[in-house]
Amino acid sequence: MEAYLLTNVIISNIGEYEGQEVTLRGWVYNKRSSGKIQFILIRDGTGIIQGVVFKGDVTPETFALADSLTQESSIVATGKVREDKRAPGGYELSIGDLQLVHRALDYPIAPKEHGVDFLMSHRHLWLRSSQQHAILRVRAEIINACRDYLDERGFTLIDAPILTPAACEGTTTLFETDYFGDKAYLSQSGQLYMEAAAMAFGRVYCFGPTFRAEKSKTRRHLMEFWMIEPEMAFADLDEDMRVQEEFVSYVVQRVLSKRQQELEMLQRDTTRLKKVEPPFPRISYDEAIAILRKNGVEIEWGGDFGAPDETILAEQFEKPVFVHRYPTQSKAFYMKPDPERPEVALCADLLAPEGYGEIIGGGQRMDDLEMLEKKIVEHNLPKEAYEWYLDLRRYGSVPHAGFGMGIERTVAWICGLDHVRETIPFARMLYRIYP
RNA sequence: UCCCCGAUAGCUCAACGGUAGAGCGGGCGGCUGUUAACCGCUAGGUUGUAGGUUCGAAUCCUGCUCGGGGAGCCA
């Protein structure tokens, strides 16, 4: 077999080779035959093209091979690229020569409807289907867009550790692991480390997996998910929200312009996505409570919002909406209380439209040493573990703010999916860690 | 942890107290333009599991296991 070269022809730009003879390497996506003619849908990861084998055009051996091909068998096909309106994709390959690389027997995923359990158990093969391809390409585009936006604005990528000595927020359950006889935990947020990095680099972000050992079993939860967490020195809550709305708008518009084909494949109605541009509406927690009560929700001041509450709030607006200044008591220890009203914190959540819920949580951080020490005691956190964090308030403390955006929820929203499990290549869910 | 729903052929489902079926996928055959192609034939089942009720259970009841949706918590 000839050497695999990266310069080889790929299906996504097959149009450039019209009229030429090319060699494609890929897998059989599906096959239809009509006696003396075989239609082989070939996919190579970049796209799908229909290959046509006429009995009269090839050797009897080649035709017999084409006839015997099974779904997902790997092949090398050589032939002429031809424009043809009847073909899906607009181009066809008139196959003259065909080689079998490997014959796949009894590929489990048939071209038909399947159940969630079956597909998730065959995730390693499900990734080959067109829809999953489209979703993961949108995910890749979102991640690229996030990084481009931040990189172009003076942010430095400073990744946070995944193995950590203690809870960042000390509230949710952590995955515990043995660290040579000591306990270590899988990170649930890189934020505290980003605060240290922001004092060193000004504007920073991290992008990596985070882990929550909560026994959440909903369409919005994964045990392992990816979060992008920017942090900015000399920034307050207002600036934080301005960056967020610009950031989210940039990401959405970028996907709309570069991944239109994928959104079409997913049958995503993009009319509401097109409206995602700054500024986003801002409502206070107090206003949110009033809206909920007006909609018949019985809710006390001080509590957090549930998923149905978030949907009601988001439905009031066309664009994503900020809910700011939540009660300090319900928020993490590092949130800075509003100096004009200490019972609320200078924080904001961004709720996506169409019922997708919270995609960003963020806010201004506590920059005063004494108040932070007090909060750590109030939250029953071990002060020794946070000495390094307190140092940031001892040596040149400044107002600073940041946020964390969940990639999977953002992908689900932009793709219009009803569950986050398809937005990550291999979802880690409650009671499901295979494959 | 709690609430609701489900488990029948490889897959998606039907049969709802009286002999377990269909479509897709597999195998064999037919067809020179198919679009999840079509047509014919064929193989494929201890109905998740353990009990119970009944002359008789896939079907009704109970436990268990596994899965799905949701709550809480969060991104």
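Numbered from 1 within each chain, the chains take letters A, B, ... in sequence-line order.
Proximity of A/K217 to the phosphate of B/A71: no side-chain N or O atom is located under 4.0 Å from OP1 or OP2. The shortest distance between the side-chain N/O atoms of A/R421 and the OP1/OP2 oxygens of B/G67 is not below 4.0 Å. At B/G72, none of the side-chain N or O atoms of A/R212 fall inside 4.0 Å of OP1 or OP2 (strictly under the cut-off).
Remark: ring of A/Y107 not stacked against base of B/G25; the cut-offs of centroid gap under 5.5 Å and plane tilt under 30° are not jointly satisfied.
Residue contacts for A/G306: at a heavy-atom cut-off of 4.0 Å it reaches the sugar-phosphate backbone alone, with no base atom in range. Contact annotation for A/R82: base contact, defined as any heavy-atom pair under 4.0 Å involving a base atom. Across all strands shown, A/F39 has heavy atoms under 4.0 Å from base atoms, whether or not it also approaches the sugar-phosphate.
Ionic pairing of A/R203 and A/D151 is not present here: no N-O contact between side-chain nitrogen and carboxylate oxygen is shorter than 4.0 angstrom. The pair A/E354-A/R268 meets the salt-bridge criterion, since a charged nitrogen lies less than 4.0 angstrom from a carboxylate oxygen.
Taking the six-membered ring wherever Trp is involved, the centroid distance between the rings of A/F305 and A/Y326 falls below 6.0 Å.
Within 3.5 Å, no donor on the side chain of A/H114 pairs with an acceptor on the base of B/C11, nor the reverse.
A/T423 contributes no side-chain N or O that, together with a main-chain N or O of A/V411, makes up a donor-acceptor pair within less than 3.5 Å.
Of the candidates B/G72, B/A71, B/G26, the closest approach to any side-chain atom of A/R220 belongs to B/A71.
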